[in-house]
Amino acid sequence: MENQAPETPRASMDVDIVCVGFGPATAAFLTHLSRALVDENGQPLADSKAMPGMPPQVICYERADDISFGVSGIVTKGRAIKASFPDLDLSQIPMAAPVTEEKVVYLQDPIGASRKGSGMKAFEKILGLTAKKDAQGMELPFIPDFLAKHEGFVMSMGQFQQWVGSQVMGSGLVQVWPGSPVAEPLVEGKAVKGVRLADQGVDKQGEPDAAYMPGMDIHAQLTVLGDGPYGPVGRQLDRKIGTPDGHHARDWAVGMKMVVELPQGCELKPGTVLHTIGYPEPEIFGFLYVYPDNIASLGIFVPSWFDSPVRTAYRYLQHWMMHPYLWRYLEGGTMRSWGAKSLQESGKRGEPFLVGDGYARIGEGSGSTNVLTNSGVDEAWATGSMLAEAVIELMREGKEFTKENLEQTYVKRRRESWVEKESTMAAKARDGFQKGVLQGIIGTGMTGFTKGKLSWPSQIKKPYERIPTLEKYYEGRIPADEIESIRQETQTKGLPLHNALMTRAGWPEIPYDGQLLVSHQDALLMGGKVQAAPGYADHVRFVRPETCEKCRERVCIEACSGQAIMSNPDGGVPVFDREKCIHCGACLWNCSKAHPTDPERTNVDFKAGSGGLHSVEN
């Protein structure tokens, strides 16, 4: 019998509280907790169980290489954020300003390539009777109260997170470790005992390499999961302990955005907020927020109920920017940064079990997003604040972080909060979009104006159930034999299909100018600053390769925000290049094939990984 090399021991560490992901929810949790860990005399709130005689030991692990990388421009009412910072001075936060003007604009199709059914065409004509027409856009005469952000502010989430993070870490009571992906929760029965960090020194398949170092086990009294809707820890926990009956995460969207330096002389003032609907396709929504110093954040949302197998966000973003209503402000501008992120659009319906023995869920992954008001950052912040209050209460009383105690403190606070009231009211606001864009718009209005009493009834489909074949989607526009020819040609070249098919369907080529309108690859180089640390396994995996080999839609390729998933010239399973992956998570739900054992998942798995975008603006 051959001698086997001894296994490399896995190191471990004990702390009191471990947090996964430094998003707005965790930032709020650590902000409030750090203020209470010691009193004005330096006496600890409670004695650390991990390090007796010291204040509670709190540590947070963040996948991105810095705590502010890869997030987004936002507009928010900021109720919870203002409550945390009563003397908030927006001038102290780069790229932040109060809302000064807000418009909802319906964009007409200036080139005739957009898909619009008879219902949307009729809606457009009716809207034209009351809306103010301007540069092929129609400004709605008013904004419903449930959508308006008049008393809020615009800001770069990255800059805000950096501002908050400096205060949290400056307290000396909390450690935040970026560049530290968490692989999985440590679960015993249904209790969470901490987390395991991702292995390092492995090959792309995760097998030990020369510099192999097993990920450390972090044991904690309380594990706080704030890793978002596609964070691997939260999703694995859902699979291990289940989700509440009737709850599921089936509605998604990818938000692709840029931070742009506006041209000199641009008329848009700081605090201007534009929301757009109608173009480049009826299902795609857009936004533009103006910051101080002639800077703007802009982008589009491409939802899972956009029934297209070529739902590329990047090219649609460029067509959206070139719409006459927007281009008059943007022409001559320069891209400063670029990025994308998947959004969980299920809201309350996507809420998992919020607590259990040794763990609590906060933020977007806990179902806090309000799908009626299109807001999630402030709601996520509120959940983190509420958990901090609960944890402080339990520490003061010397109580354990059991399911019962967390339910009586955190969950109770949440159920009595404005977040719960408003998210419950909004729960079915988006259901109409399962039937069509017009039904979705009407259903949203019904829900908003009746405060949740009415909605457009619909059954929520799984994302992959909505994706038609290429031939069906382009029926009457591109012959099937021509689609097959384009498919073969692009696969041979290792290219996605969408550019060739969109051009053939009537969308004009993008006139690249080298500063704002650039190729997708140039965006990765100029505006994304994408990096991937060596020594980690590939975090995007294709669960059943034989399924990929038979797939003809390849939506994972078409929708990939960074062109990290590409067609294999030799056929078979797509090629994944993590040096281009921006960790948007779009591949997780942009797959037309079901997981072999779990109907709520697709054939793509998104695991823990490092790297991604390097930008504190976007």
Side-chain angles (χ1 to χ4, degrees), residues 4-13 18 20-21 61-65 70 177-187 192-219 223 225 227-228 230-240 342 530-549 556-557 560 562 564-566 568 570 572-589 591 593 595-598 601-613:
Q4 293 183 339
E7 289 189 10
T8 305
R10 190 178 296 277
S12 65
M13 180 172 69
V18 63
V20 183
Y61 292 103
E62 162 59 37
R63 170 201 60 77
D65 291 347
W177 288 88
S180 303
V182 178
E184 60 183 313
L186 299 176
V187 180
V192 175
K193 300 296 185 178
V195 297
R196 174 170 292 173
L197 304 184
D199 293 344
Q200 298 182 50
V202 297
D203 61 20
K204 291 184 176 182
Q205 287 71 44
E207 296 298 324
D209 217 332
Y212 177 59
M213 183 172 68
M216 183 183 293
D217 283 349
I218 311 298
H219 301 289
T223 299
L225 299 183
D227 59 343
Y230 50 94
V233 181
R235 288 187 291 108
Q236 287 185 66
L237 186 61
D238 289 342
R239 294 200 288 270
K240 288 177 182 291
S342 280
V530 183
Q531 295 183 19
Y536 287 97
D538 280 352
H539 51 277
V540 172
R541 306 287 185 88
F542 303 99
V543 180
R544 183 173 284 178
E546 56 268 31
T547 299
C548 295
E549 292 172 359
C556 61
I557 296 173
C560 182
I565 302 176
M566 297 294 286
N568 190 335
D570 298 326
V573 181
V575 176
F576 173 65
D577 182 357
R578 64 190 183 89
E579 297 293 332
K580 296 180 180 179
C581 180
I582 65 173
H583 291 257
C584 74
C587 53
L588 186 67
W589 51 273
C591 173
K593 301 294 182 285
H595 187 277
T597 61
D598 185 350
R601 299 164 60 194
T602 69
N603 197 49
V604 175
D605 198 7
F606 196 90
K607 297 179 176 292
S610 70
L613 284 171

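Scope of the values below: all heavy atoms of this structure, side chains included, with no hydrogens, waters or symmetry mates. Quantities reported herein were computed from a predicted structural model and do not represent experimental measurements.
The side chain to side chain contact (heavy atoms under 4.5 Å, CB included) test applied to M216 returns A11, M13, L197, I218, not counting sequence neighbours. Judged as a side chain to side chain donor-acceptor pair (under 3.5 Å), and not counting sequence neighbours, the contacts of S342 are W589. Residues passing the side chain to side chain contact (heavy atoms under 4.5 Å, CB included) test with D538 are K204, R541, F576, R578, sequence neighbours excluded. By the side chain to side chain contact (heavy atoms under 4.5 Å, CB included) test, C560 is found to be paired with A564, I565, residues two or more places apart in sequence or in another chain being considered. In this structure, the side chain to side chain donor-acceptor pair (under 3.5 Å) partners of K607, at least two apart in sequence or on a different chain, are D605. The side chain to side chain contact (heavy atoms under 4.5 Å, CB included) search around P596 returns V543, R544, N603, not counting sequence neighbours. With sequence neighbours left out, Y536 forms a ring-ring contact (aromatic ring centres under 6.0 Å, His included) with no residue at all. Judged as a side chain to side chain donor-acceptor pair (under 3.5 Å), and not counting sequence neighbours, R235 has no contacts. K193 meets the salt bridge (Lys or Arg N to Asp or Glu O under 4.0 Å) test with no other residue; sequence neighbours excluded.
Atom-to-atom distance recorded for S610:OG and R63:CZ is 8.0 Å, nearest 0.5 angstrom. Separating the CG atom in L613 from the SG atom in C581 is a distance of 9.0 Å, to the nearest 0.5 Å. With values rounded to the nearest 0.5 angstrom, K580 atom NZ is found 15.5 Å from Q531 atom CD.
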Could you walk me through whether N568 and V573 pass the side-chain contact (heavy atoms from CB on, under 4.5 Å) check? CA-CA 7 Å; N568 190 335; V573 181; 5.5 Å; no
Step by step, would you call R10 with D199 a side-chain contact (heavy atoms from CB on, under 4.5 Å)? CA-CA 10 Å; R10 190 178 296 277; D199 293 344; 3.2 Å; yes
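Summarising the geometry of A537 relative to V202, their closest heavy-atom pair is N-CG2, 3.4 Å, with the distance given to 0.1 Å. Among all heavy-atom pairs drawn from V540 and C587, the shortest one is CG2-SG, 3.9 Å. Nearest heavy atoms, V18 versus G194: CG1-CA, 4.5 Å.
Taking the side chain as every heavy atom from C-beta outward, D577 and M566 never approach each other to under 4.5 Å.
Judged by distance alone, with hydrogens and angles left aside, the side-chain atoms of S180 form a donor-acceptor pair with the main-chain N or O of P178 at under 3.5 Å. Using a distance-only test at 3.5 Å, with no hydrogens or angles considered, a donor-acceptor pair links the side chain of Q236 to the main chain of A183.
The one candidate from V187, T223, D227 that meets the side chain to side chain contact (heavy atoms under 4.5 Å, CB included) condition with V195 is T223.
Sorted by first and then second residue, the pairs that involve residues 205-217 and meet side chain to side chain donor-acceptor pair (under 3.5 Å), not counting sequence neighbours, are R196-D217.
The aromatic rings of H583 and H539 lie parallel to each other, with less than 30° between the two planes, well short of the 60° mark.
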